[in-house]
There are 2 protein chains.
Amino acid sequence: MNDEQTLVPPTERGGTLHNEILPQLRAFVVEGNVPDGGRIPERELCEMLGVSRTPLREALKVLASEGLIELLPNRGARVKALSAVEIAELFDLMAGLEALAGRLACEKMTAEQFDRIEELHRSMYLHYLRGDRPGYFSDNQEIHSALFAAADNQPLFETARSLQDRLRRVRYAANLGENGERWKEAVREHELLLDALRRRASGDAAEILFNHLRRTKAAVIAYDSGN
Amino acid sequence: MNDEQTLVPPTERGGTLHNEILPQLRAFVVEGNVPDGGRIPERELCEMLGVSRTPLREALKVLASEGLIELLPNRGARVKALSAVEIAELFDLMAGLEALAGRLACEKMTAEQFDRIEELHRSMYLHYLRGDRPGYFSDNQEIHSALFAAADNQPLFETARSLQDRLRRVRYAANLGENGERWKEAVREHELLLDALRRRASGDAAEILFNHLRRTKAAVIAYDSGN
DNA sequence: GTAGCAAAAAATGAATTCAAATAACCTTCA
DNA sequence: TGAAGGTTATTTGAATTCATTTTTTGCTAC
């Protein structure tokens, strides 16, 4: 029935069709190709991914369990629109996870991993001085990624990735809306973090990261409500 | 084809078959009805739940994404057996989540919620004095549940529940194996926690809970490796 | 012109069907 | 007796089919 070529070469298959399309579908949603609360007809997705409805629906169930989409009985899938309360809750959770990552990183990271974070920090600071927000944002993301990598905890990493996916859209919006004062404050917080990491002060790192995310949350809420 | 009655009355349907069987299937796995690494033939589960393979497989995919089971391509589902490293990682994550719950509870809990926790604490202490481990364990679980409820954060609650499911088996084993010294220590930690909650000292509560879970982890690892 | 209802069209939920891969079994030969 | 190979049976992966629900469309009545 399906003569079209799949977009993914058959060489790099992930075992099952379901495992193949899940990352693609997740990326499609996270990337923001569908408006908030927008409906996603199964038929279109099937054609897009070149699979039948069975594996597609399995993937949708997984995305729903991750909180990325909503599955209303008999009424299809919608991308989950986040209320202000939900955004706040997700940020608090993210703050807790970052705090944990900071703690574990202090305990477990290698000298090389610290050096890498320090280097990223310097690069990010330069972007800040130049007023280069995209560059700053990119380095910032990488620092947090490096932190989770240094924490060396797979379940933590997975949980954080999932949360990150759910927050990506609003997070990006927040970055754009970030005002100069908050930006300056964020840079200062990053300096404190680097110092705590250097001293392997796990409690301090946790506290700094928690409050850092808390303030980011406040900035996002302020920006988001002023829509 | 299927004339048998479903075990669940049709009155309390969850909209779709998938939503109906997912909790049942999860309970079945968590309860420990299948040995570690044991295979789960789809056919049997279908008969047990009274559904066809389609909704069952959707549910299995979700359980796999929750980390409760493993889905090997063309080789079916197995309950995920946890290595010592994985157990340690899950406990560290749980410690971070409990710490967060403590923090948020300090910020948000009502007087009634605190009173309830205090009451549970008293009950638990009595069980401790009597040497009633099951009673202690039960109250202990309820205290932690009450803590997460007081934290009032849905994503946190969900994440913790999922983790709890993954750890339930080993956690129960740990409780049985817990020695007297560790038990005494745990009770002391709970007293400190209650005090921190009373003072609404979020940082203290977080620190106490984190270390509490860390020590539980150590006890579990010690017990588990001595199998 | 609009509100309400009916019928048709479309989309979803789930069982069945078909194909491919794995596992079990049985024969054969050393 | 035991191992190797091939054949059958079982199990899984995925497409198709069928039934049910929702949504849309169009008609009628007011």
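Owing to the predicted nature of the structure, the values given are computational and were not obtained by experimental measurement.
In this structure, Arg78(A) and Glu58(A) both approach DNA chain D, and ranking their closest nucleotides by distance from the 5' end singles out Glu58(A).
If you take CD1 of Ile69(A) and P of dT12(C), they are 11 Å apart, rounded to a whole angstrom. The interatomic distance linking Lys61(B) (NZ) with dA14(D) (P) rounds to 7 Å, in whole Å. Straight-line distance from the CZ atom of Arg53(A) to the C1' atom of dT20(D): 12 Å, rounded to whole Å. Following rounding to the nearest Å, Leu17(B) (CG) and dA19(D) (P) show an atom-to-atom distance of 17 Å. Rounded to whole Å, atom P of dA11(C) lies 16 Å from atom CG of Leu72(A). In this entry the distance linking CD of Glu42(A) with C1' of dA14(C) reads 12 Å, nearest Å. Rounded to a whole Å, the CD atom of Glu70(A) is 15 Å from the P atom of dT12(C). Going from atom CG of Leu71(A) over to atom P of dA11(C) covers 16 Å, rounded to whole Å.
Judged by distance alone with a 3.5 Å cut-off, a donor-acceptor contact links the side chain of Thr54(A) to the base of dA15(D).
Crowding of Arg161(A) atom CZ: a count of heavy atoms from other residues, nucleotides or ligands under 6.0 Å exceeding 12.
Of all nucleotides listed (dT23(D), dA15(D), dA23(C)), dT23(D) comes nearest to the side chain of Arg39(A). For Asn74(A), whose side chain is taken as the heavy atoms from C-beta onward, the closest listed nucleotide among dA14(D), dT11(D), dT21(D) is dT21(D). For Pro55(B), taking side-chain heavy atoms from C-beta onward, the closest of the listed nucleotides dA15(D), dA14(C), dT11(D) is dA14(C).
Ion pairing between a basic and an acidic side chain is recognised when a charged N comes within 4.0 Å of a carboxylate O; Glu44(A) and Arg39(A) show no such pairing. Remark: Glu189(B) engages Arg182(B) in a salt bridge, criterion side-chain N to carboxylate O under 4.0 Å.
Taken from CG in Leu193(B) to NE2 in His212(B), the straight-line distance is 8.0 Å, to the nearest 0.5 Å.
Side-chain contact between Gln164(B) and His144(B) is absent, with no heavy atoms from C-beta onward closer than 4.5 Å.
Under 4.0 angstrom from either OP1 or OP2 of dA23(C) there lies at least one side-chain N or O belonging to Arg75(B).
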